[in-house]
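Computed from a predicted structure; not experimentally measured. These numbers come from the heavy atoms of this one structure, side chains and all, not from hydrogens, waters or symmetry mates.
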Amino acid sequence: MREKILIVDDDKDIADLLEVYLKNDGYTVYKFYDGTGALACIEQTELDLAILDVMLPDLDGFKLCSKIREKYFYPVIMLTAKIEDTDKITGLTIGADDYITKPFNPMEVMARVKTQLRRYKRYNGQQQIEAEQKEVVEYDIRGLLINKATHRCTLYGEELTLTPIEFSILWYLCEHQGNVVSSEQLYEAVWGEKFLTNNNNTVMAHIGRLREKLHEPAKKPKFIKTVWGVGYKVE
């Protein structure tokens, strides 16, 4: 099956270049130079991955990412021309899976695309196996119910919409309930990659997003607690 990838970038040279590389690797590409056309594609097409430029002439990449996360869990890679962490943290907070700073090597983009697709396929494949086996594995922690077999998470009966990475983070913390999990341990378990110092921001952004969905107070979170200088834990 040819994976379907969306490219949105108002820099035609960049969009065209990525299209060539992706098509040469056998992917089906949907390319747009603005957010309006891309939005229609998102709503009408079953995609496997999206590459979104942050700065667009109409709808920006953040709004497109948010729109995707209303319904879909496929990977989103953000492109940004800025070197500050602001865009990265913003993107990760609204549900992006990765970001790449311009200018970039097209081969790096291809490597990131393949990594995200592998993770997404592995996740979906595992969920299908568990569902077929009707294996129900869940944790019920003071009103927080998380079920790995059905990929459902509810808080006091209200269903939460979590991305695959958010779900995996919460599941891993629940699996280690009562124990402190370091950022390094969490990153390598969930992302399946070697932890680097700058990956700590990635973990922090996803933890922050999870806390928002759990309606956690910033100073005294009930579920995901920070152990300063060590990591995170669910009690």
Side-chain angles (χ1 to χ4, degrees), residues 1-125 163-165 190-194 196 198-199 201-202 205-206:
M1 180 180 177
R2 292 164 61 95
E3 289 93 346
K4 299 176 182 178
I5 298 181
L6 171 68
I7 301 173
V8 190
D9 198 316
D10 61 338
D11 187 324
K12 294 186 178 182
D13 290 337
I14 290 178
D16 293 349
L17 180 64
L18 290 177
E19 180 185 30
V20 169
Y21 272 82
L22 289 167
K23 283 188 172 180
N24 284 344
D25 257 20
Y27 298 109
T28 298
V29 176
Y30 298 83
K31 179 182 64 177
F32 296 90
Y33 303 126
D34 59 71
T36 303
L39 184 59
C41 179
I42 289 168
E43 294 174 342
Q44 298 169 10
T45 309
E46 293 185 7
L47 299 167
D48 296 289
L49 183 143
I51 302 174
L52 310 176
D53 186 23
V54 170
M55 300 298 294
L56 294 169
D58 45 8
L59 297 174
D60 63 34
F62 296 140
K63 290 180 181 177
L64 288 176
C65 182
S66 296
K67 193 66 178 176
I68 288 171
R69 286 295 173 251
E70 289 178 6
K71 296 181 179 178
Y72 307 109
F73 299 122
Y74 55 77
V76 174
I77 299 175
M78 306 294 296
L79 302 179
T80 174
K82 300 179 181 180
I83 61 174
E84 295 87 356
D85 283 338
T86 306
D87 278 351
K88 177 180 179 181
I89 293 173
T90 301
L92 293 174
T93 298
I94 61 176
D97 298 279
D98 200 357
Y99 94 114
I100 299 174
T101 304
K102 299 178 182 180
F104 52 75
N105 184 327
M107 296 306 296
E108 178 188 0
V109 179
M110 295 302 300
R112 301 280 190 97
V113 165
K114 291 175 181 178
T115 296
Q116 292 295 336
L117 286 173
R118 277 198 306 269
R119 182 180 300 133
Y120 184 54
K121 284 182 179 179
R122 184 170 65 245
Y123 174 85
N124 283 345
T163 67
I165 286 183
V190 173
W191 278 264
E193 300 173 359
K194 184 67 178 175
L196 302 175
N198 61 353
N199 295 140
N201 286 336
T202 300
H206 279 88

(message) Please give me the minimum heavy-atom distance between Leu56 and Gly61, naming the atom from each residue.
(response) CD1-N, 4.0 Å

(request) Grab the two heavy atoms, one from Thr163 and one from Phe73, that are nearest each other, plus how far apart they are. (result) CA-CD2, 3.7 Å

(request) State whether the side chain of Asp34 and the backbone N or O of Thr36 hold a donor-acceptor pair below 3.5 Å, judged by distance alone. (result) yes

(message) Please report the interatomic distance CG(Leu39) to CD1(Ile68), rounded to the nearest 0.5 Å.
(response) 9.0 Å

(request) Determine the minimum heavy-atom distance between Leu64 and Gly35, stating which atoms define it. (result) CD2-O, 3.7 Å

(message) Would Ile42 and Phe32 count as a side-chain contact (heavy atoms from CB on, under 4.5 Å) here? Give the steps.
(response) CA-CA 11 Å; Ile42 289 168; Phe32 296 90; over 6 Å; no

(request) Show the numbers, then the answer: is there a side-chain contact (heavy atoms from CB on, under 4.5 Å) between Asp16 and Lys31? (result) CA-CA 8 Å; Asp16 293 349; Lys31 179 182 64 177; 2.6 Å; yes

(message) Minimum heavy-atom separation for Asn199 and Lys194, please, with both atom names.
(response) OD1-O, 3.6 Å

(request) Could you tell me whether Asp9 and Lys102 make a salt bridge, using a distance below 4.0 angstrom between a side-chain N and a carboxylate O? (result) yes

(request) Verify, without hydrogens or angle tests, whether Asp98 (side chain) and Ile77 (backbone) share a donor-acceptor contact under 3.5 angstrom. (result) no

(message) Is there a side-chain contact between Tyr21 and Val113 in this structure, where contact means two heavy atoms from C-beta onward sitting under 4.5 Å apart?
(response) no

(message) On a heavy-atom basis, which atom in Arg2 and which in Asp48 lie closest, and how many Å separate them?
(response) O-OD2, 4.4 Å

(message) Determine whether Tyr33 and Asp53 satisfy the following criterion, side chain to side chain donor-acceptor pair (under 3.5 Å), listing intermediate values before the conclusion.
(response) CA-CA 10 Å; Tyr33 303 126; Asp53 186 23; over 6 Å; no

(message) Let me confirm one number: the OG1-CD distance from Thr28 to Glu3, rounded to the nearest 0.5 Å.
(response) 8.5 Å

(request) Can you measure from CD1 (Ile7) to CD1 (Ile14) and round to the nearest 0.5 angstrom? (result) 11.0 Å

(message) Give me the atom names and distance for the closest heavy-atom approach of Ala96 to Cys65.
(response) N-SG, 3.7 Å

(message) So, taking the atom named NZ in Lys67 and the one named CG in Leu59, what distance separates them when rounded to the nearest 0.5 Å?
(response) 10.0 Å

(request) Any chance you could lay out the side-chain contact (heavy atoms from CB on, under 4.5 Å) test for Asp25 and Lys114, step after step, and finish with the verdict? (result) CA-CA 10 Å; Asp25 257 20; Lys114 291 175 181 178; 2.9 Å; yes

(message) Quick check: do Tyr74 and Glu46 have side-chain heavy atoms less than 4.5 Å from each other?
(response) no

(message) Distance check, rounded to the nearest 0.5 Å: Leu49 atom CG versus Lys4 atom NZ?
(response) 14.0 Å

(request) Taking the side chain as every heavy atom from C-beta outward, state whether Tyr72 and Leu47 have any atom pair closer than 4.5 Å. (result) no

(request) Please tell me if the side chains of Leu18 and Ile5 come closer than 4.5 Å, counting only heavy atoms from C-beta onward. (result) no

(request) Answer yes or no: is there an ion pair linking Asp97 with Arg112, defined by an N-O contact shorter than 4.0 Å? (result) no

(message) Any non-hydrogen side-chain atom of Phe104 less than 4.5 Å from a side-chain atom of Leu79?
(response) yes

(message) Between Met78 and Phe62, is the side-chain contact (heavy atoms from CB on, under 4.5 Å) condition met? List the steps.
(response) CA-CA 8 Å; Met78 306 294 296; Phe62 296 140; 3.8 Å; yes

(request) Quick one: pull up NZ in Lys12 and CD in Glu19 and give me the separation to the nearest 0.5 Å. (result) 12.5 Å

